[in-house]
Amino acid sequence: MQLHKFTFNFLFNFMFTYKMATTSMYIASDQVYDYSCSKCNEDGKNIEAQHFCPECEHYLCENCVKLHKGYHSKHTVFGRGDIQKWVGFSMDICDQHGNNLEFHCDDHQELCCHVCLALWHRHCNNISHLPDLARGFLKTEEFKQLPVALDNMRSRLDELRNARMKDQASHEDSYKNILAEIKALRKEINFIFDQLEKKTVEELDSMMKHLEKSVKDDIETCAQMHHQLKNMVKKLQQMSGKHKET
């Protein structure tokens, strides 16, 4: 019986881990997480888990852990710093009543304790006793297919890792190309501004020389006219003196 219990728990632990891994891999092809938030997964979202509650057996993201602490203030929640404690949870304890899981409801595809069975599955037609299911498990096709399933999962993980490595290389190339384009554009803009500055300064210098020449000519003209007027006044004064003498 101990062997059957071990093999049955091994199957459920494996299937749970496999489900969590494949869920986080397949919900969004561009996001690969080692652990995804259990509550978000129920809503079809793929959010990376940052916490784990062993009592609820739930992986939790930053948003869900706040709600969880509100509902279950006495539960101990482990963060990424204690990730080694995440995978050590029990799969054979009912998270609702704390009893051993002894039954499986085929109608609802749920594991049940005796309280769950009495409360919610009394009218279900297909209830299986877990020890009966575990009996002879090592000889079943499901157990024989576990190595293949593990190999497939490992191959899928290798594919995803290689794809992400290619994405990383592509991102680095894109970054370098964009950076080179920015520098080239900056160089071109600097050249344009240098030429514009040079042309503007040349035009300003030419305008300044023209203005200076015009002002200088006006000053000289004013000086000449002043001198001429001075001479005319002098001559008029001389003519007026001679007229008085006569």
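Only this structure's heavy atoms are used, side chains among them; waters, hydrogens and symmetry mates stay out.
Under the side chain to side chain donor-acceptor pair (under 3.5 Å) criterion, the residue pairs touching residues 165-181 are Arg164-Asp167, with sequence neighbours excluded.
Glu212 and Lys209 are not joined by a salt bridge, as no carboxylate oxygen comes within less than 4.0 angstrom of a charged side-chain nitrogen.
Proximity of a side-chain donor or acceptor of Asn125 to a complementary backbone N or O of Asp107 within less than 3.5 Å is not detected. Under the 3.5 Å distance criterion, the side-chain polar atoms of Glu57 are left unmatched by any main-chain donor or acceptor of Pro54. Of the possible donor and acceptor atoms, one in the side chain of Ser155 sits under 3.5 Å from a partner among the backbone N and O of Asp151.
Here the two rings, on His75 and His68, have centers that are under 6.0 Å apart. Outside the 6.0 Å centre-distance limit, the rings of His51 and Phe78 are not counted as a close aromatic pair.
Put simply, CG on Leu229 and CD on Gln224 are 12.0 Å apart, with the number rounded to the nearest 0.5 Å. With rounding to the nearest 0.5 angstrom, the SG atom of Cys40 is 12.0 Å from the NE2 atom of His58.
A 4.5 Å side-chain heavy-atom check between Leu60 and Leu67 finds every atom pair outside the cut-off.
Of all the heavy atoms in Ala49 and Tyr59, the pair that sits closest is CB-CB, 3.6 Å. In this structure, Leu130 and Leu101 approach most closely via the heavy-atom pair CD1-O, 3.1 Å.
Other members of a hydrophobic cluster containing Met225 are absent, since no ILVMFWY side chain comes under 4.5 Å of it, directly or through relayed contacts. Chaining together hydrophobic side chains whose heavy atoms lie under 4.5 Å apart places Val115 alongside Leu119, Trp120.
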So Leu211 and Met207, side chain to side chain contact (heavy atoms under 4.5 Å, CB included) or not? Walk me through it. CA-CA 6 Å; Leu211 290 174; Met207 185 183 300; 4.2 Å; yes

Glu159 vs Arg156, test: side chain to side chain contact (heavy atoms under 4.5 Å, CB included). Steps then yes/no. CA-CA 5 Å; Glu159 291 175 3; Arg156 177 58 180 160; 3.6 Å; yes

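Using cut-offs of 30° and 60° on the angle between ring planes, the pair His121 and His108 is perpendicular.
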